[in-house]
Amino acid sequence: MPTIETSIWLAIKARVETLPLAYPKAWAGQKFTPPFGGVPVMPLPYLRIGRVTANPSRMFIGDGKPYDRNGFIIITLVYPLGQDQAVYDQIAGQIAEHFSDKTKMPMNGLCVSVPSYPHIVEGYEDNGYWSIPVRVPWRVFA
């Protein structure tokens, strides 16, 4: 049986996999080579997936009671430089919409939810790419 932490990650990962974008995904802890293609061959966009978790908060005094667990998934759009800001914002907005508030992600008896709308963080240049993090909050009682 997967741990609570594993079930939370699997629920979130399953939702990320259903994003309506065909970009390759660079998952935390896995090897990844940024994609190149086209004629002439040039860098292609991709998504970098990371996470941040907070300490579980005890909700009740009794032993074995659920904890309030929460954190953020950071889905960073990594796009080659050269587009108008509106192009980057449009794609980041699609990521945010996919995780709109009240999104439910069930897994192994848990239900991970998105308690508020994701935050599109200001983009920044990084080695020839424009990177825009989308910060998706999550929460579960388990």
Side-chain angles (χ1 to χ4, degrees), residues 1-61 64-142:
M1 178 74 154
T3 65
I4 291 170
E5 291 78 10
T6 300
S7 294
I8 291 168
W9 172 244
L10 292 174
I12 293 167
K13 185 176 181 185
R15 182 69 181 181
V16 170
E17 290 287 11
T18 66
L19 273 165
L21 300 168
Y23 302 137
K25 295 170 186 72
W27 294 97
Q30 295 183 7
K31 289 185 178 185
F32 181 78
T33 301
F36 285 83
V39 177
V41 175
M42 52 194 312
L44 297 174
Y46 64 95
L47 302 175
R48 188 176 332 120
I49 317 299
R51 62 183 176 171
V52 177
T53 58
N55 290 336
S57 299
R58 191 168 209 159
M59 301 298 298
F60 303 100
I61 295 174
K65 301 294 183 184
Y67 284 76
D68 181 5
R69 301 168 190 267
N70 62 78
F72 298 94
I73 293 300
I74 310 296
I75 302 172
T76 302
L77 170 65
V78 183
Y79 207 101
L81 289 172
Q83 300 296 317
D84 185 85
Q85 182 67 42
V87 173
Y88 307 122
D89 288 346
Q90 178 67 23
I91 300 166
Q94 290 174 343
I95 295 168
E97 285 178 355
H98 189 69
F99 288 92
S100 64
D101 49 340
K102 307 301 180 214
T103 296
K104 305 285 189 234
M105 298 172 276
M107 180 64 63
N108 299 324
L110 298 179
C111 186
V112 181
S113 65
V114 177
S116 61
Y117 197 80
H119 174 68
I120 299 172
V121 180
E122 186 59 40
Y124 58 92
E125 184 177 351
D126 184 21
N127 292 320
Y129 290 91
W130 191 250
S131 295
I132 301 179
V134 179
R135 186 173 157 232
V136 180
W138 61 264
R139 186 176 198 180
V140 65
F141 293 98

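Note: hydrogens, waters and symmetry copies are ignored here, and every other heavy atom, side chains too, is used.
To the nearest 0.5 Å, atoms CH2 (W138) and CD1 (I12) are separated by 5.5 Å. In this structure, the separation between CD1 on I75 and CD1 on I120 is 11.0 Å, given to the nearest 0.5 Å. The distance from the CD1 atom of I91 to the CG atom of L19 is 12.0 Å, given to the nearest 0.5 Å. Atom CD of Q85 and atom CD1 of I132 lie 5.0 Å apart (nearest 0.5 Å). One distance of note links CH2 of W9 with CD1 of I73; it measures 5.0 Å at 0.5 Å rounding. The CG atom of L81 sits 9.5 Å away from the CG atom of D126 when rounded to the nearest 0.5 Å.
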N/O donor-acceptor pairs under 3.5 Å from side chains in residues 94-106, not counting sequence neighbours:
unit_1 : atom_1 : unit_2 : atom_2 : d
H98    : NE2    : R15    : O      : 3.1
H98    : NE2    : R15    : NE     : 3.4
H98    : NE2    : T18    : OG1    : 2.8
T103   : OG1    : S100   : N      : 3.4
T103   : OG1    : S100   : O      : 2.5

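Every residue meeting the ring-ring contact (aromatic ring centres under 6.0 Å, His included) condition with Y79, not counting sequence neighbours, appears here in chain and number order: Y88. Residues meeting the salt bridge (charged side-chain N to carboxylate O under 4.0 Å, His left out) test with R69, sequence neighbours left out: E5.
Nearest approach of S7 to L110, heavy atoms of both residues: CB-CD1, 3.7 Å. Contact record, A92 with L77: N-CD2, 4.3 Å, taken as the closest heavy-atom pair.
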Please report the C-alpha distance between W27 and V16 in whole Å, then the side-chain angles of each, then the deciding distance to 0.1 Å, and finally whether the side chain to side chain contact (heavy atoms under 4.5 Å, CB included) criterion is met.
CA-CA 10 Å; W27 294 97; V16 170; 3.4 Å; yes

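Counting heavy atoms from C-beta on, the side chains of F32 and P24 come closer than 4.5 Å. Residues P118 and F72 are not in side-chain contact: their nearest non-hydrogen atoms beyond the backbone lie 4.5 Å or more apart. Residues R48 and S131 have side chains in contact (heavy-atom distance under 4.5 Å, counting atoms from C-beta outward).
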